[in-house]
**Q** 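My questions all concern the structure below.
Proteins get letters first, then strands, A, B, ... in listed order; numbering begins at 1 in each. Because the structure is a prediction, the values reported are computed rather than measured. Below, all heavy atoms of this structure are taken into account, side chains as well, without hydrogens, waters or symmetry copies.
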2 protein chains.
Amino acid sequence: MVSPPSRSRAEPATLPATAWAVLGMLSFEVEPTGYEIRKWSEHILRFFYWSPAMSQIYAELKRLEKAGYATSRPDVAADGRPRRVYAITSEGREALAAWASGAPVGPPVLKHGPALRVWLGHLAGPETLRRVVTEQRERAERLAEEAERSRRDAVAGTGWAHAELVARWAVRYHRAERDLADRMLADLDELAARRPPG
Amino acid sequence: MVSPPSRSRAEPATLPATAWAVLGMLSFEVEPTGYEIRKWSEHILRFFYWSPAMSQIYAELKRLEKAGYATSRPDVAADGRPRRVYAITSEGREALAAWASGAPVGPPVLKHGPALRVWLGHLAGPETLRRVVTEQRERAERLAEEAERSRRDAVAGTGWAHAELVARWAVRYHRAERDLADRMLADLDELAARRPPG
DNA sequence: CGTTGCATGTAAGGTGTTACATGATTAC
DNA sequence: GTAATCATGTAACACCTTACATGCAACG
């Protein structure tokens with residue numbers, strides 16, 4: 001006779017990483033609205049983990065409330081407009097801590113559109129490829145700069161040491177992406193030289 | 001009176017990138033089974049664009065056939081077992097070429113689980129973080145080696161110049177990920193030294 | 001005779017997006 | 001006035017995964 005599976009404190013509900021990310025935002029000492037969570041994720045999360053859609057945020061908040069990991073209360077903004085603010089519960093904090101230190105970490109998910117295009121390069125003329133990779137180079141450069149700005153904001157806050165660490169990682173990541181694009185451009189040029197047009 | 005939207009040669013059906021990736025596999029001079037497509041995507045696609053599930057492959061093949069971009073015919077394997085092989089049609093080749101040279105390329109999608117964990121580092125003891133990042137370091141190293149093997153296979157084939165280019169990119173990408181993990185480990189150590197335990 | 005590989009699918013469900021709907025306040 | 005920002009949701013749909021179902025061939 002095996003004891004039936006029960007969800008005790010040691011076994012938090014299995015939620016998608018997005019839910020934990022949202023709950024994680026509540027674990028910083030603030031009481032944000034769904035809208036503010038979105039803005040925040042645009043500000044930092046997108047550099048290493050994508051930014052969920054507004055509707056997704058609200059859906060996750062609803063799920064977290066249902067699980068007892070978050071609570072919400074009506075509030076009024078500075079200008080008097082009504083809004084709803086969210087907070088993490090102690091159960092939520094416990095579950096999040098258990099997840100953060102216990103759950104297996106899957107491999108990073110990468111879907112690199114520009115690389116896919118180059119892979120199908122035999123169908124798309126060298127100019128197109130150069131354009132695609134150059135665009136990617138510029139995007140990566142832009143992201144690196146934006147991540148650097150985000151990092152500087154993190155330095156300002158106290159208790160944001162890990163946020164700053166990740167921001168630093170993100171800056172390096174997007175610089176690496178830029179460099180990779182540069183090397184790809186060089187390789188493309190070399191290929192074009194080996195196989196002259198016509 | 002506006003003329004009704006019609007799908008002519010200039011406007012290929014909008015398909016998800018996955019469909020184009022599968023169709024792209026058919027654009028190399030082979031006539032694979034769904035099963036072989038899957039193996040191939042495990043062999044190379046996963047290093048820069050994830051590998052779809054078997055059922056997803058079959059679903060995409062069905063969709064491509066319906067769109068007239070692929071055909072299939074029953075075949076027999078070397079051992080006599082029945083199977084179904086797929087080929088690209090001329091419409092498919094045209095649509096694929098139009099997509100490859102015309103469709104806008106979105107930003108790479110990245111969901112970096114290890115980075116997410118570090119971001120929530122205030123909830124998870126330094127040993128956990130070290131473990132997570134070390135695992136990531138090793139995974140990246142392994143992927144770089146596997147990508148390098150895949151690259152060598154691409155060199156062997158003729159007409160695979162772009163596949164080799166992307167494989168080279170993938171090797172560099174995963175080496176960069178490994179280096180990023182190393183630098184993250186150094187940063188974590190520095191943080192732990194600044195804030196000693198207790 | 002059991003496991004692995006080849007081979008093809010269906011069904012159910014979860015994750016996530018876009019489009020839609022609504023309405024207040026602030027800045028131009 | 002009208003555009004942008006703040007703010008909250010619903011509905012429909014697309015994408016993709018896991019689990020399930022089936023069966024033959026080759027290898028040990």
**Q** Looking only at side-chain atoms of B/Tyr86, point me to the closest of D/dT17, C/dG9, C/dG16.
**A** C/dG9

**Q** Kindly state which residues belonging to residues 30-45 of chain A come within less than 4.0 angstrom of DNA chain D, counting heavy atoms of the residue only, listed by number.
**A** A/Thr33, A/Gly34, A/Tyr35, A/Lys39

**Q** For A/Arg130, which residues count as a side chain to side chain donor-acceptor pair (under 3.5 Å) partner, sequence neighbours excluded?
**A** A/Asp189

**Q** Does D/dT17 have OP1 or OP2 sitting under 4.0 Å from an N or O in the side chain of B/Trp50?
**A** yes

**Q** Any idea which of C/dG16, D/dG9, D/dT10 is nearest the A/Ser55 side chain?
**A** D/dT10

**Q** Can you tell me if B/Thr18 touches the phosphate of D/dC15, counting only side-chain N or O atoms and a distance under 4.0 Å to OP1 or OP2?
**A** no

**Q** Taking only residues two or more places apart in sequence, or in another chain, which ones meet A/Glu60 in a side chain to side chain donor-acceptor pair (under 3.5 Å)?
**A** A/Gln56, A/Arg63

**Q** Go through D/dT17, D/dG9, C/dT17 for me and flag the one nearest to the B/Ala53 side chain.
**A** D/dT17

**Q** Between B/His43 and B/Ser51, is any side-chain donor less than 3.5 angstrom from a side-chain acceptor?
**A** no

**Q** Among the candidates D/dC16, C/dT8, C/dG16, find the nucleotide nearest to the side-chain atoms of B/Arg83.
**A** C/dT8

**Q** A/Glu65: what forms a side chain to side chain donor-acceptor pair (under 3.5 Å) with it, not counting sequence neighbours?
**A** A/Ser72

**Q** Considering only D/dG9, D/dC15, C/dT8, which nucleotide approaches the side chain of A/Tyr58 most closely?
**A** D/dG9

**Q** Indicate yes or no: at least one non-hydrogen side-chain atom of B/Trp40 is less than 4.5 angstrom from one of B/Val30.
**A** yes

**Q** Using side-chain heavy atoms (C-beta onward) and a distance below 4.5 Å, is A/Trp169 in contact with B/Leu180?
**A** yes

**Q** Roughly, in whole Å, what's the span from CG in B/Leu61 to P in D/dC15?
**A** 15 Å

**Q** A/Arg137 and A/Glu177: salt bridge (Lys or Arg N to Asp or Glu O under 4.0 Å), yes or no, with the steps?
**A** CA-CA 7 Å; A/Arg137 198 221 107 96; A/Glu177 270 276 47; over 6 Å; no

**Q** Could you check if a side-chain atom of A/Gln136 sits within less than 4.5 angstrom of a side-chain atom of A/His112, using non-hydrogen atoms only?
**A** yes

**Q** Within the 4.5 Å heavy-atom criterion, are A/Arg84 and A/Arg73 side-chain neighbours or not?
**A** no

**Q** So do the side chains of B/Trp119 and A/His162 get within less than 4.5 Å of each other, counting heavy atoms only?
**A** no

**Q** Using rotation axes that map the C1' atoms of four end pairs onto the next four (five pairs an end), what angle separates the end axes of the helix from C/dC1-D/dG28 to C/dC28-D/dG1, to 10°?
**A** 30°

**Q** Just the rounded figure in Å: distance from P of D/dC15 to OH of B/Tyr49.
**A** 11 Å

**Q** Quick one: is A/Lys62 getting a side-chain N or O under 4.0 Å of the D/dT10 phosphate, OP1 or OP2?
**A** yes

**Q** Starting from C1' on C/dA7, measure out to CE on B/Met54 and report it in whole angstrom.
**A** 8 Å

**Q** When you measure from the centre of the six-membered ring of B/Trp99, is the NZ or CZ of A/Arg117 under 6.0 Å away and within 45° of the axis?
**A** yes

**Q** The side chain of A/Ala77 is closest to which nucleotide in this list: D/dC15, D/dT8, D/dA7?
**A** D/dA7

**Q** At less than 4.0 Å, is any side-chain N or O atom of B/Lys111 found next to OP1 or OP2 of C/dG16? Yes or no.
**A** yes

**Q** How does protein reach along nucleotides 21-28 of chain C, written 5' to 3' as B (base within reach of a heavy atom under 4.0 Å), S (only sugar-phosphate), or - (no contact)?
**A** ---BSS--

**Q** Out of B/Asp182, B/Asp187, B/Asp179, which residue meets the salt bridge (charged side-chain N to carboxylate O under 4.0 Å, His left out) rule with A/Arg172?
**A** B/Asp187

